[in-house]
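Residue numbers start at 1 and run along the sequence shown.
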Amino acid sequence: MTPRERRLREQAQRHRLILTTAREMAESEGWDYVTTRRLADRIEYSQPVLYQHFKNKDAIVHAVALEGFAELAAALHTAREEAGDAQEALGAVARAYADFAEHGPVLYEAMLTLDLGEDTTGAAGTPAPLADVLAEIRQAVEPVAAGRDSGLFTEVLWSAWHGQAALTRAGRLRPDPARRRLAALTDALLGPAAQPV
């Protein structure tokens with residue numbers, strides 16, 4: 001291995017350590033607890049070393065969020081691929097989304113509720129991992145959209161799933177009928193009763 005290859009490998013390992021440690025700290029104490037000083041202390045590197053990889057805490061949280069979107073896209077893909085038919089696939093994707101939000105609330109917070117100081121609206125500003133999440137939802141929607149605007153229904157479902165996840169986490173919705181709410185939403189938006197006249 002050349003010195004340059006070794007240096008690049010060490011940089012990649014430090015980069016991974018920073019993100020993994022930030023995520024662990026947030027999971028145990030919340031994102032407010034994660035500061036560059038505490039993070040540097042935890043990984044036993046100086047803050048300037050940290051700043052060689054990320055310009056500030058927001059950049060670290062943003063990188064963690066992008067990892068989260070990649071993980072969510074993979075979970076949605078698996079759910080969609082393992083489902084039997086189109087209607088079942090959409091339900092499976094909805095449940096996979098809800099499960100991801102429920103079982104990784106700190107990661108989900110970084111992904112969708114923290115202000116990362118970046119404009120991520122619209123196609124041009126959508127990070128690739130988030131675009132992958134939306135593509136997975138759309139692929140589940142298209143077969144049951146019956147010729148209607150699958151992009152629009154993708155956005156409506158995504159926003160509704162996010163709303164349900166956020167309200168459930170905040171204790172504003174009862175947790176027990178969560179799966180029934182997901183099914184009711186899908187049926188209302190894409191079922192026969194929602195077909196245009």
Side-chain angles (χ1 to χ4, degrees), residues 3-78 93 96-137 154-155 157-173 175 178:
R4 183 177 187 281
E5 290 171 333
R6 185 176 298 109
R7 206 169 40 253
L8 290 174
R9 186 178 69 181
E10 289 170 357
Q11 286 176 338
Q13 289 171 340
R14 275 195 308 269
H15 188 90
R16 167 77 0 241
L17 178 62
I18 292 166
L19 294 180
T20 301
T21 305
R23 198 163 158 174
E24 289 169 357
M25 290 171 66
E27 286 171 0
S28 66
E29 302 288 336
W31 283 109
D32 288 341
Y33 177 77
V34 180
T35 65
T36 54
R37 179 178 304 278
R38 286 183 180 130
L39 188 53
D41 289 345
R42 178 78 62 94
I43 62 175
E44 298 180 350
Y45 286 119
S46 67
Q47 280 184 283
V49 170
L50 209 79
Y51 292 132
Q52 290 174 2
H53 293 271
F54 300 98
K55 70 178 184 179
N56 55 31
K57 174 189 167 178
D58 286 348
I60 295 168
V61 176
H62 183 71
V64 168
L66 292 179
E67 286 184 347
F69 284 123
E71 292 170 22
L72 176 57
L76 299 182
H77 179 79
T78 298
V93 167
Y97 188 98
D99 289 346
F100 184 91
E102 179 185 351
H103 295 108
V106 171
L107 178 58
Y108 189 77
E109 178 186 16
M111 293 163 56
L112 292 165
T113 60
L114 292 179
D115 179 8
L116 301 176
E118 298 188 19
D119 178 18
T120 56
T121 58
T126 303
L130 173 54
D132 292 344
V133 167
L134 296 175
E136 286 298 331
I137 297 170
T154 295
E155 291 174 349
L157 280 173
W158 178 41
S159 61
W161 294 344
H162 171 64
Q164 286 189 42
L167 289 169
T168 300
R169 181 162 187 240
R172 302 293 194 264
L173 292 175

> Where do Tyr108 and His162 land on the ring pair (Phe, Tyr, Trp, His ring centres under 6.0 Å) test, with the steps shown first?
Replying inline: CA-CA 10 Å; Tyr108 189 77; His162 171 64; 5.5 Å; yes
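- You'll find the side chain of Leu17 reaches within 4.5 Å of the side chain of Tyr45, heavy atoms only.
- Within a 6.0 Å radius of CZ in Arg6, more than 12 heavy atoms belonging to other residues, nucleotides or ligands are found.
- In terms of heavy-atom proximity, Gln11 sits nearest to His53 at O-CE1, 3.2 Å.
- Interatomic distance, Arg42 CZ to Thr35 OG1, rounded to the nearest 0.5 Å: 10.5 Å.
- Taking both residues in full, the closest heavy atoms of Pro129 and Ala73 are given as O-CB, 4.5 Å, listed atom of the first, atom of the second, then distance.
- The number of heavy-atom neighbours closer than 6.0 Å to CD of Gln13, taken from other residues, nucleotides and ligands shown, is above 12.
- Contact annotation: the side chain of Phe100 approaches that of Glu71 to within less than 4.5 Å [non-hydrogen atoms, C-beta and beyond].
- When the options Glu5, Arg4, Glu10 are evaluated for a side chain to side chain contact (heavy atoms under 4.5 Å, CB included) with Leu8, the one that passes is Arg4.
- Side-chain contact, Thr36 with Tyr51: a donor N or O sits under 3.5 Å from an acceptor N or O.
- Here the CD1 atom belonging to Ile60 is positioned 6.5 Å from the CD1 atom belonging to Ile18, to the nearest 0.5 angstrom.
- Partners of Thr21 under the side chain to side chain donor-acceptor pair (under 3.5 Å) rule, at least two apart in sequence or in another chain, do not exist in this structure.
- Of all non-hydrogen atoms in Ala75 and Ala96, the two that sit nearest each other are O-CB, 4.1 Å.
- The pair Arg23-Glu67 meets the salt-bridge criterion, since a charged nitrogen lies less than 4.0 angstrom from a carboxylate oxygen.
- A heavy-atom distance below 4.5 Å is found between the side chains of Leu39 and Leu50.
- Here the straight-line distance linking atom CG of Leu112 with atom CG of Leu107 works out to 9.0 Å at 0.5 Å rounding.
- In this structure, NE2 on His62 lies 11.5 Å from CG on Leu19, to the nearest 0.5 angstrom.
- In terms of heavy-atom proximity, Ala22 sits nearest to Val34 at O-CG2, 3.8 Å.
- Smallest separation of non-hydrogen atoms from Gln164 and Ala178: OE1-O, 4.1 Å.
- To the nearest 0.5 Å, atom CG of residue Leu72 and atom OH of residue Tyr97 are 6.5 Å apart.
- Side-chain contact between Phe69 and Asp132 is absent, with no heavy-atom pair separated by less than 4.5 Å.
- Summarising the geometry of Ala65 relative to Met111, their closest heavy-atom pair is O-CG, 3.6 Å, with the distance given to 0.1 Å.
- Considering CD of Glu136 and OG1 of Thr154, their distance stands at 11.0 Å, rounded to 0.5 Å.
- Using modelled atom types, no side-chain atom of Trp161 and backbone atom of Ala98 make a donor-acceptor pair closer than 3.5 Å.
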